[in-house]
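Structure, as structure tokens:
Both backbone and side-chain heavy atoms feed into the values below; hydrogens, waters and symmetry mates do not.
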Amino acid sequence: MVSLVPSVTETLSAWGREAVACTRFCERDDLPHVGGTKNPDVAAIVALEPDLVVVDAEENRREDAEALAAAGVPVHALHIRSLADVDEQLPDLARALGAAPPPAAAPATPVGPTRRAVVPIWRRPWMTIGPNTYGASLLGSLGVELVPADRGDYPTVELDELAALEPDVVLVPDEPYAFAERHRAELEVVAPVVFVDGKDLFWWGARTPGAIERLGVVVRAAPQREAS
């Protein structure tokens, strides 16, 4: 089996299954790499003669999945955009791999008053995550509303327009853009900054239950803007 999804590669290990190859973003230097999530080496994958290749519509390109299928390689496609998708789709993957179906992730309980948050994912141009994404679903289960909420899934924004929306906090992940302490000052023009683990926010699967707990601690400690 070949995994073209970092979340799946991590989840397989938790299930006691291992891929024969994965992408360079899967953080598995002990496994052969077959390119990236957006530019996999289709010929190299076909040469491995895998019994299954796992892809995700958010992570991978349709044309690569179609090229693999056209070459006779079985493809298992996921489309994870919410906590509900995790619970609905991972059991099918487990069954396809002969693994025990995972238990449903425990539903999160909002950890206090609603926080309005900005979650940047890129710089130059500035981009954030919108409401119809896995990260938004996870944070929403903890009582976090994302802003802006009406600009699409991954809107391009300006910091001054984000500041005008008066969010409580900027939750800053360390991926896909490598945000770090050096970016704090420019982001603080929007709202107080809290750095978070990008994998907890964007990698789903076996990580999800623990990520809910860890991000719950972060949200509980996050500031809330006083009513004006």
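- Distance check: W204 CH2 to L83 CG gives 12.5 Å after rounding to the nearest 0.5 Å.
- Side-chain contact between W126 and E186 is present, with heavy atoms from C-beta onward closer than 4.5 Å.
- Among V219, V170, V218, the single residue meeting the side-chain contact (heavy atoms from CB on, under 4.5 Å) criterion with V194 is V218.
- Comment: D30 engages R28 in a salt bridge, judged by a side-chain N to carboxylate O separation of less than 4.0 angstrom.
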* **Stepwise side-chain hydrogen bond (donor to acceptor under 3.5 Å, both in side chains) check, S7 with Y134** => CA-CA 12 Å; S7 298; Y134 171 78; over 6 Å; no

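- Taking the six-membered ring where the residue is Trp, F179 and H183 present perpendicular rings, their angle passing 60° and hence far from 30°.
- For the pair R81 and D153, the salt-bridge criterion is met [side-chain N within less than 4.0 Å of a carboxylate O].
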* Carefully, step by step, assess R115 and E145 under the rule salt bridge (charged side-chain N to carboxylate O under 4.0 Å, His left out). => CA-CA 6 Å; R115 267 74 165 183; E145 296 178 359; over 6 Å; no

* **W122/T128 under side-chain contact (heavy atoms from CB on, under 4.5 Å): CA gap, chis, key distance, verdict** => CA-CA 7 Å; W122 206 254; T128 66; over 6 Å; no

* Start with the C-alpha distance between D200 and R207, add both sets of side-chain angles, then the distance that settles salt bridge (charged side-chain N to carboxylate O under 4.0 Å, His left out), and finish with yes or no. => CA-CA 7 Å; D200 277 351; R207 174 180 291 267; 2.8 Å; yes

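- The main-chain N or O of R61 is never found under 3.5 Å from a side-chain atom of K38 such that the two would form a donor-acceptor pair.
- For the pair Q224 (side chain) and D168 (backbone), a donor-acceptor distance under 3.5 Å is absent.
- Between F25 and H33, the ring centre distance reaches or exceeds 6.0 Å.
- Other residues, nucleotides and ligands place more than 12 heavy atoms under 6.0 Å from the CD atom of E181.
- In this structure the side chain of L4 never reaches within 4.5 angstrom of the side chain of C22, judged on heavy atoms.
- Counting only heavy atoms from C-beta outward, the side chains of L171 and L139 approach each other to under 4.5 Å.
- Residue Y154 holds its OH atom at 4.5 Å from CD of E58, rounded to the nearest 0.5 Å.
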